[in-house]
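To start, the structure under review is shown below, and the notes come after it.
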Number of protein chains: 2
Amino acid sequence: MLNYSTSEENYIKAIFHLQHADGTVTTNELAGELRTKPASVTDMMKKLKIKKLVHYEAYHGFRLSNEGKKLALLIIRRHRLWEFFLAEKLRFSWEEVHAVAEDLEHVSSKKLIDKLDEFLGFPRFDPHGDPIPDSHGRIEASKQVCLQDLPLNKTATVGHVSDQSPAMLELLSHKKIGIGTKLEVKRKFGFDNSLEIKIRQQAPINISEQLSKNIFVKYDE
Amino acid sequence: MLNYSTSEENYIKAIFHLQHADGTVTTNELAGELRTKPASVTDMMKKLKIKKLVHYEAYHGFRLSNEGKKLALLIIRRHRLWEFFLAEKLRFSWEEVHAVAEDLEHVSSKKLIDKLDEFLGFPRFDPHGDPIPDSHGRIEASKQVCLQDLPLNKTATVGHVSDQSPAMLELLSHKKIGIGTKLEVKRKFGFDNSLEIKIRQQAPINISEQLSKNIFVKYDE
DNA sequence: AAATATTTTTAGACAAACCTAAATTATTTT
DNA sequence: AAAATAATTTAGGTTTGTCTAAAAATATTT
Ligand SMILES: [Mn+2]
Ligand SMILES: [Mn+2]
Ligand SMILES: [Mn+2]
Ligand SMILES: [Mn+2]
């Protein structure tokens, strides 16, 4: 695996995370994620296409190539191992680890990361509960959780719906919820166990207990 | 302390190390050390002067300001703490630690470094025997080692002679060895524990066991 | 004290990564 | 199917850090 710049790595990682929701990622989505401007994203996509890390056709979004996916998993491996190190060994708190790992993840020595992994005892989840890819880039499916059990204000992605009847699917499509939809539970009403959820920038909507029990989500990064 | 780029930090650190030899550092020296070109050094010195990290007058060399010295010691602190971590915790070998620390030293979180220091038990020397500055930038004189114990081909500077009798000093001056002499041990003969040493560009000379046991040197960076 | 050699700086260029503003393409509304 | 809107790309510019080649300053010889 060749060496990539910090910027290239941040783009690749961001595409990987966004891809989990949609299939292909758009210029504006990525610009938003990276707090950069759409024009900068276009510039970078041209470069990453030449380097064969993404598939990209002008005006039609992009997705990672196999090579790109491998790189993304490597960067995520580094990031999460450092997060584990910071929390476990240096006693950083839960919320502090991310910012520092954002820098450490770009130190690219393969040996460093593999030895760190060993030193830490081959941990399988980072301090946020996200799975850590192994040295071959293999990653466990992150635990799916029923929407009823998702903590408030934690963004998650719909990964599975257990009831797939037409009635259920009709309701889901009416509420614009599907596999890959990113959402957040804002409130939980004890009276009927209904949830107020927020999808992207849209206004909050309500979900009944029956519906929420059939929706399974996985935590986002 | 503000944040500086990786490049700026590498320049500052290199000036600090070169300064130990001469008082002021020249454009060509620094370009050689950093494997860059003299024109690039001039460009950077103008910038570092504006940022008040160096004193610099065109055509007359440069040296670190107090602010620059503080920054250099901070970078060296990071570098050596990471070297210690790599050797001690990740079981990297002696020679491998430097290259990786060269990258890790630029991750600038103050908390990261202070917590790392604590985790490592506040080590005072890195794996090469060089002293580690404390969190206030204070640094001990570097560890002195008997010439007999100096590894082969490691440049070092004579720092102390334990026997100071006239006979000893006569022999030393004949061999042109004094405090500050830079040398390297090229061979060690098991038969009589005599050493073949090299001083600068001169032809190698021989030193008896008795003499070498009274010469103490400190490693060069 | 000139002449010569060496060192250093300047001038001008380039790649990476970003930006703003304008042009283009795609999507949605009417 | 136009028109209006939104998304995306292009054009052109900036900053950082590098380079080569030429000019200027300093140091060394003669
Ligand atoms: Mn990052
Ligand atoms: Mn995490
Ligand atoms: Mn470095
Ligand atoms: Mn060292």
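Residue numbers begin at 1 in each chain, while the letters A, B, ... track the order of the sequences. Note that the coordinates shown come from a computational prediction; the quantities given were computed from them, not determined experimentally. What's counted below: heavy atoms across the whole structure, side chains too, no hydrogens, waters or symmetry copies.
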Under 4.0 Å between a side-chain nitrogen and a carboxylate oxygen: does that hold for A:Asp114 and A:Arg77?
yes
Take A:Lys49 and A:Glu57 through the salt bridge (Lys or Arg N to Asp or Glu O under 4.0 Å) test and state the conclusion after the steps.
CA-CA 9 Å; A:Lys49 184 188 182 175; A:Glu57 288 308 324; 3.4 Å; yes
Looking at [N], I'd like to know if its phosphate oxygens (OP1 or OP2) sit under 4.0 Å from a side-chain N or O belonging to [X].
X	N	value
B:Tyr59	D:dA23	no
A:Lys46	D:dT10	yes
B:Ser7	D:dT18	yes
A:Tyr56	D:dT8	no
B:Tyr4	D:dT16	no
A:Asn28	D:dA6	no
B:Ser40	D:dT18	no

What is the distance from [atom1] of [X] to [atom2] of [N], rounded to the nearest Å?
X	N	atom1	atom2	result
A:Gln201	D:dA6	CD	P	15 Å
A:Lys37	D:dA6	NZ	C1'	17 Å
B:Glu9	D:dT16	CD	C1'	15 Å
A:Glu29	D:dT8	CD	C1'	13 Å
B:Arg35	D:dT18	CZ	C1'	16 Å
B:Met45	C:dT7	CE	P	18 Å
A:Lys49	D:dT9	NZ	P	11 Å
B:Ile50	D:dT15	CD1	C1'	13 Å

Within the 6.0 Å centroid threshold, strictly below: A:Phe92 and A:Phe84
no
Closest to the 5' end of DNA chain C, once A:Pro38 and A:His60 are matched to their nearest nucleotides, is A:Pro38
Within the 4.0 Å heavy-atom criterion, would you say [X] contacts the bases, only the backbone, or no part of the nucleic acid?
X	value
B:Ala39	base
B:Phe62	nothing
B:Thr27	sugar-phosphate

Nearest-nucleotide pick for [X], side chain only, options being [options]:
X	options	value
A:Thr26	C:dT9, D:dT8, D:dT18	D:dT8
A:Thr36	D:dT18, C:dC18, D:dT8	C:dC18
A:Ala58	C:dC19, D:dT8, D:dT9	D:dT9

Can you check whether B:His106's main-chain N or O pairs, donor with acceptor, with B:Arg78's side chain at less than 3.5 Å?
no
Test item: A:Asn214 side-chain N/O and A:Gln210 main-chain N/O as donor-acceptor pair under 3.5 Å:
yes
Applying side chain to side chain donor-acceptor pair (under 3.5 Å) to B:Lys175 and not counting sequence neighbours gives none
